[in-house]
> 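Questions regarding the structure given below will be posed in turn.
Bear in mind the structure is a predicted one, so any value in this text is a computation, not a measurement. Chain letters run A, B, ... following the sequence lines, proteins first, then strands; residues in each count from 1.
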Amino acid sequence: MIIKSQNEGILIEDISDFNVAQIFDCGQAFRFKEVEKGIYEGVAHGAYLKVSHVENGVFLWPCDIDAFENIWCNYFDLGTDYGNIKRTLIEIDPFFKRATEFGSGIRILRQDPWEMILSFIISANNNIPRIQGSIEKLSEMFGEPALVPNGTLKYSIPSPERLSSAELSDIRACGVGYRDKYIKKTAEMIVSGVVDINKVLQLTPYEAEETLLTLSGVGKKVADCIMLFGFNYMSAFPVDTWVKKAISKHFLDDSVSLNEIQSFAHGHFGNLSGYAQQYMFYYIREGES
DNA sequence: GGCCAGGAGAAAA
DNA sequence: TTTTCTCATGGC
């Protein structure tokens, strides 16, 4: 991997296991979207970025060396060897030969914990386009405006403080339905200090999950997504309807309970569970007919 | 018009 | 403790 600063951006040459479309379309991030063919745009950790494949690598802009080192290198998890992870998963089960070839450029982003909490509360019994729309509306209504280089306005994810003092009807107007009260109450719990999300990383995976489960609108599956995408506990294995389909088709039988799937994943994939889950999710949703 | 979407929470068994 | 019902909303 070679990093070069040019044209008000960063060019990453000789990068492997990186596919922009797969990274942003595999259901882990909701605020990056394709604005032109092959060009994705979004806001993360309070910064604005465009990403695209170019002839000899991946180009990030607008971005200087400081922003790359402080934000984006970590955000895209560039320090992790995904080739090694894929080889290990294939050794564990040959199913992953197809799944990792299909999603060969997937990476688990390192996202903002609060953004993941808000996003995945909204995700419950919902679909991805609507989740994206709701988050965007919440950001426009309650977030802070940030001027981006092309002159348009982008908005940050609304803070817990702002949402805790918002009217339920205004939150619901963003299309979140009955989840309005979950959002407000969870925001209140974080503002009041009942749950300190800054201390979650000091906890064991079990303690972290127990803590997240006390938040309103956060059950087992949502907690696992927050663990995986917001705090990067790679032992987390979120089981949604798609992963349940994949597991019952390729590994266990049809009538397995969520607990059985969890223990199966933990036993087979261990600390690679989060990676395994993401290759599986992307493959079952977009790869298999 | 019923079913589904990256389910959670409360009631009922 | 486990199972069942209800909860907005839009797309098909």
> Please tell me if Thr241(A) has a side-chain N or O lying less than 4.0 Å from either OP1 or OP2 of dG7(B).
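Yes, such a contact exists.
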
> What residues form a ring-ring contact (aromatic ring centres under 6.0 Å, His included) with Tyr155(A), not counting sequence neighbours?
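Partners of Tyr155(A) under the ring-ring contact (aromatic ring centres under 6.0 Å, His included) test: none.
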
> Restricting to pairs with a member in residues 117-146 of chain A, which pass ring pair (Phe, Tyr, Trp, His ring centres under 6.0 Å), not counting sequence neighbours?
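Found Phe30(A)-Phe120(A), Phe120(A)-Phe229(A).
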
> Could you work out, with ring-ring contact (aromatic ring centres under 6.0 Å, His included) as the rule, every residue matching His250(A), not counting sequence neighbours?
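Scan of His250(A) (ring-ring contact (aromatic ring centres under 6.0 Å, His included), adjacent residues dropped) gives Phe95(A).
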
> Is there a donor-acceptor contact under 3.5 Å linking the side chains of Asp224(A) and Tyr233(A)?
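No pair is found: no donor N or O on one side chain lies under 3.5 Å from an acceptor on the other.
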
> Between P on dA5(B) and CG on Asp240(A), what's the gap in Å once rounded to a whole number?
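Rounded to whole Å, this separation is 9 Å.
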
> Which residue pairs pass the ring pair (Phe, Tyr, Trp, His ring centres under 6.0 Å) test with at least one member in residues 191-215 of chain A, sequence neighbours excluded?
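Every pair satisfying ring pair (Phe, Tyr, Trp, His ring centres under 6.0 Å) with a residue in residues 191-215 of chain A: there are none.
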
> For Ile183(A) and dG7(B), what is the distance between atoms CD1 and P respectively, to the nearest whole Å?
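For the pair Ile183(A) CD1 and dG7(B) P, the rounded distance is 15 Å.
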
> Listed in order of residue number, which residues of residues 203-232 of chain A have a non-hydrogen atom at under 4.0 Å from DNA chain C?
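Those residues: none at all.
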
> Expressed in angstrom and rounded to an integer, what is the separation of Ile131(A) atom CD1 from dA8(B) atom P?
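It is 12 Å, rounded to the nearest whole Å.
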
> How would you list, by chain and number, every residue that makes a ring-ring contact (aromatic ring centres under 6.0 Å, His included) with Tyr282(A), sequence neighbours excluded?
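If we apply the ring-ring contact (aromatic ring centres under 6.0 Å, His included) test to Tyr282(A), skipping adjacent residues, the hits are Phe102(A).
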
> Using a 4.0 Å heavy-atom cut-off to protein, can you give one letter per nucleotide of nucleotides 6-12 of chain C, 5' to 3': B if the base is in contact, S if only the sugar-phosphate is, - if neither?
-BBBB--

> List the atom pairs, donor and acceptor, that lie under 3.5 Å between side-chain atoms in residues 2-9 of chain A and the rest of the protein, sequence neighbours left out.
from, atom 1, to, atom 2, distance (Å)
Lys4(A), NZ, Glu13(A), OE1, 3.2
Lys4(A), NZ, Glu13(A), OE2, 3.4

> So what does Lys245(A) hit on the nucleic acid, given a heavy-atom distance under 4.0 Å: a base, only sugar-phosphate, or nothing?
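Touches sugar-phosphate only.
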
> Taking ring-ring contact (aromatic ring centres under 6.0 Å, His included) as the test, write out the residues that go with Phe264(A), two or more places apart.
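Checked Phe264(A) against ring-ring contact (aromatic ring centres under 6.0 Å, His included); matches are Phe251(A), His268(A).
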
> Pick the P atom in dA11(B) and in dA8(C), then give their distance to the nearest Å.
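dA11(B) and dA8(C) have their P atoms separated by 15 Å.
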
> Once you round it to whole Å, what is the distance between P of dA8(B) and CD1 of Ile122(A)?
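Atom-to-atom, Ile122(A) to dA8(B), this comes out as 14 Å.
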
> Fit a plane to each ring of Trp72(A) and Tyr75(A), take the angle between them on a 0 to 90° scale, and name the class: parallel (under 30°), tilted (30 to 60°) or perpendicular (over 60°).
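Rings of Trp72(A) and Tyr75(A): perpendicular, over 60°.
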
> Assign Cys174(A) to base, sugar-phosphate, or nothing according to its heavy-atom contacts below 4.0 angstrom with the strands shown.
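Since no nucleic acid heavy atom lies under 4.0 Å of Cys174(A), the category is nothing.
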
